[in-house]
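To start, the structure itself, in structure tokens.
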Amino acid sequence: MQSAERSWLRRIASAVSSGLGRGYRFTVTTLRWVVVLGWVAGATALTVLVPYQPDTTGSNFGDLLPADSQVFKVEQRILQEFRVPLLSGTTVVVHEPGGMNLLTRADSLLWALATTQDTLQAGSPPKPKTIAAAIPVPTGRSDVTVTYLYVAPGTGLHDEVLLADRYAAHFKNKPDVSSYVTGFVPAQIAQLGYLDARLRLFEFASVLVIVAVVALAFRSLLAPVVVVGVAVVGYLVYFPLLSSLAAAFGFTVPGQLEPVLVALLLGVVTDYCVLFFSAFRDELRGGLDRKDAARAALRVNAPIITVAGFTVAGGTIALLAAPFHVLRGLGPALALTVLVGLAVCLTLAPAVMTILGWRMFTVLPVRGSQARNGFLRAAPRRKHRLLALLTMRPTALLVALAVGGGLALAAVPLTHARLDLSFVAALPREDSVAEGADLLALAGLRGISAPTEILVEKPGIVADRVDLARLQVALATQPGVARVIGPAELPTKQPRGLLLSESGNAARYLLIYDSDPLGAQAIGYVRQLEESLPDVVARSGLSDAEVSVAGQTLFASTVAQLTRRSIEVTVLVALVIELVILVLYLRALVAPVVLLAASALSVAAALGLTTFLFQDVLGQQGLTFYAPFAAAVLLIALGADYTVFSVGSIWEAASRKPLAEAIMDALPRTSRAITTAGVILAATFALVAIIPLATFRQIAFAVTVGLMIDTLVVRPVLTPALLTLLGPRASWPSRRITRGERRPVTGAKESANG
């Protein structure tokens, strides 16, 4: 009874699904002009009524951490105890080779005093868009002066950098004197400037690559024009929708990540259009008219592309599990990218295909014989021979071990990957912000732009000057410390409020590291400091004092630690989402688990190669903290996407013939289209490297290499080898894959598949 009931329900579900499919195919082909005009009108209306406004204001460094972080609690205590904050995101460096003369040095001090005095005289609180204070910091050098700038509350980051530039310009009219504005804030604004300057070039180059590859693939100039047209409509719809959804749900997507969104949108649209166009052309060659050919192509490919699109969207939404608002906003943004691309490809692309028919493929002559099921032409015989070897268990085992071992070897550098948050290090070395930082590095004071603060608290501690001096000497011997500024340098009658608190219960030290304060090396130093600090304080005679660490290096260390812990969670969430989708799609458990494990190994290999290139070969201190995060989630999602394309066809064939024959039948029919789509997507992400920032080049390399490994190694080689080794067990717990016998195919099914 229950079996009959389930069969009845399946028949109803099948009938409903078939009816919806027929309605969809009828609508997009019969009402093709309505579909095209509707998309164009909708894109135009959205562009006019909801203009896209990217977030290019930059963000506060502290926004990366939760509001209840221990780092903030220490900062609050410092602000309560001391009159003057000593953590600034903007630093002005003045340099005169050979040493500054007395007048230049005096001018540096007087200009800082005058700027601060003007603010104080203007009233309290200071007016927005003004410099609230300019605090000179002793460097111990005769050729370099450093001044911290603090702006009035409500001043945006762009305005802060403009004010700093005006402040620094005061010194540029002096002979042999150069001045630079550096620090976290100017570096972030500089990055936004490079992004804005190169974004349109990136988009133009991406379109050229898409046109070239699609034109070559289809031997047509009209097919790539259609792809670009569909992508442009998706682009015009996507960004206004993104702005609206971000405002409605309260998430933000920094403008720095716009190239990643554009690359994914262009790549997804191109991939899905290529698969549709390939099937459409095959059906036209079979003698169908353009409307029936379009419907036949949609009947086979629309369900696969729909599942693939939701697979990518589901994988990228896993970024909601990330600890940082930047990446949490990126999750829904990437998912929306794929869904918009999927929507235009499922509706607009088939409508245009139906309108154009054979004209899409007849602009350039196609030479040579072409098999009906080939993408350009039938696969070479040698590829069939290689594929036949992969369907033999001994060969499949050797190939699986060799490929798996190679990917594991490529992933080894990932074990010593370091993370950093240095915005300055990501800039081109000829940038003025980077030049200022490099000047500090040459002076051995690289960390002065963001010193580490040590807070020592104890009732009446300001009277323990001997112990405080002993602690200052001990701190100077810690790894990476170039200079310590502390109470030992103060005269006995020094007014309190700068290094000694007004309450008399706290003292603080500034530790200046000899390396980039937000780089991986300084992060390592501050972690060592946290471990050794209690003993150092105790040996200095202050064992009963409470000691805390603060500063931007500690911020960076905390973010890096949080990243390492949470990337595992986020990747696991992405894998679980992809596993659920693949299990439902393939109605199996074993194959999805094994294939996702292969994809995860290829992702690890891509990240390992990225670490090896940028960290070991190019000598960068580490990977930008969110680069491996974004790359890993993208590669997992896109890998599952291609699994749907390649394994889906094998699964369909394996339901009626032995697995080896299914592999031999399905892979040659789909591999060329999938390979072309993968190469296009990889090339699009490779062009992200046009933006001359280390972060984008790391993401570009990781995603490009990962896609190429997936497209050229995992799908055509490792996947058939693994399926051969699994055999009928691949479809467990279902019995979809036969053990060698052929199953009859009903006439209805044959017709549906034709």
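From a predicted model like this one, the values you see are computed outputs, not experimental measurements. In what follows, residues are counted from 1 in the order of the sequence shown.
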Parallel, tilted or perpendicular: rings of Phe361 and Phe218 (30°, 60°):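 Correct class here is tilted.
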
Sequence neighbours excluded - ring pair (Phe, Tyr, Trp, His ring centres under 6.0 Å) pairs with any residue from residues 698-724: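 For residues 698-724, and leaving out neighbouring residues, the ring pair (Phe, Tyr, Trp, His ring centres under 6.0 Å) pairs sorted by first residue read Phe614-Phe701.
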
Side-chain ([X]) to main-chain ([Y]) donor-acceptor, under 3.5 angstrom:
X: Thr684; Y: Ala263; value: no
X: Tyr238; Y: Ala333; value: yes
X: Gln698; Y: Thr624; value: yes
X: Thr611; Y: Ala417; value: no
X: Ser278; Y: Val274; value: no
X: Thr570; Y: Leu319; value: no
X: Arg32; Y: Thr29; value: yes
X: Thr30; Y: Thr27; value: no

For the residue pair [X] and [Y], what are the closest heavy atoms and their distance?
X: Val209; Y: Ala683; value: CG1-CB, 3.7 Å
X: Ala574; Y: Ile636; value: CB-CG2, 4.2 Å
X: Ala702; Y: Ala631; value: CB-CB, 3.8 Å
X: Ala721; Y: Val399; value: CB-CG1, 4.2 Å
X: Ala640; Y: Thr311; value: CB-CG2, 3.2 Å
X: Ser646; Y: Arg715; value: OG-CD, 3.6 Å

Stepwise ring pair (Phe, Tyr, Trp, His ring centres under 6.0 Å) check, Phe239 with Tyr235: CA-CA 6 Å; Phe239 282 103; Tyr235 182 97; 4.9 Å; yes

Side chains of [X] and [Y]: closer than 4.5 Å at any heavy-atom pair?
X: Leu199; Y: Pro259; answer: yes
X: Val260; Y: Leu334; answer: yes
X: Pro720; Y: Leu667; answer: yes
X: Leu261; Y: Leu330; answer: yes
X: Trp358; Y: Arg285; answer: yes
X: Val268; Y: Asp641; answer: no
X: Tyr642; Y: Asp271; answer: yes
X: Arg290; Y: Arg359; answer: yes

I need the [X] [atom1] to [Y] [atom2] distance, nearest 0.5 Å.
X: Glu203; Y: Leu266; atom1: CD; atom2: CG; value: 7.5 Å
X: Thr704; Y: Arg697; atom1: OG1; atom2: CZ; value: 13.0 Å
X: Thr711; Y: Leu681; atom1: OG1; atom2: CG; value: 7.5 Å
X: Ile210; Y: Leu687; atom1: CD1; atom2: CG; value: 9.0 Å
X: Leu623; Y: Ile699; atom1: CG; atom2: CD1; value: 10.5 Å
X: Leu607; Y: Leu414; atom1: CG; atom2: CG; value: 5.5 Å

Pair Ile663-Thr719, side chain to side chain contact (heavy atoms under 4.5 Å, CB included): steps then yes or no: CA-CA 10 Å; Ile663 293 173; Thr719 295; over 6 Å; no

Audit row: Val230, Cys273, side chain to side chain contact (heavy atoms under 4.5 Å, CB included) steps and yes/no: CA-CA 9 Å; Val230 173; Cys273 283; 4.2 Å; yes

Over 12 non-hydrogen atoms of neighbours within 6.0 angstrom of OH in Tyr194: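 Atom OH in Tyr194 is crowded, with more than 12 foreign heavy atoms closer than 6.0 Å.
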
CZ (Phe310) with more than 12 external heavy atoms under 6.0 Å: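 12 or below, so no.
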
Residues 341-357 side chain polar contacts: donor-acceptor under 3.5 Å, at least two apart:
unit_1	atom_1	unit_2	atom_2	d
Thr347	OG1	Trp39	NE1	2.8
Thr347	OG1	Ala343	O	2.6
Thr354	OG1	Pro350	O	2.8

Chi angles and distances behind the side chain to side chain contact (heavy atoms under 4.5 Å, CB included) call for Thr643, Ser599: CA-CA 9 Å; Thr643 297; Ser599 292; 4.3 Å; yes

Member of Val633, Leu264, Thr316 meeting the side chain to side chain contact (heavy atoms under 4.5 Å, CB included) criterion with Leu638: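 The passing option is Leu264.
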
Given Thr44, Thr47, Val40, Leu46, the one that forms side chain to side chain contact (heavy atoms under 4.5 Å, CB included) with Leu236: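 The passing option is Thr47.
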
Leu298/Phe280 under side chain to side chain contact (heavy atoms under 4.5 Å, CB included): CA gap, chis, key distance, verdict: CA-CA 8 Å; Leu298 292 177; Phe280 179 55; over 6 Å; no

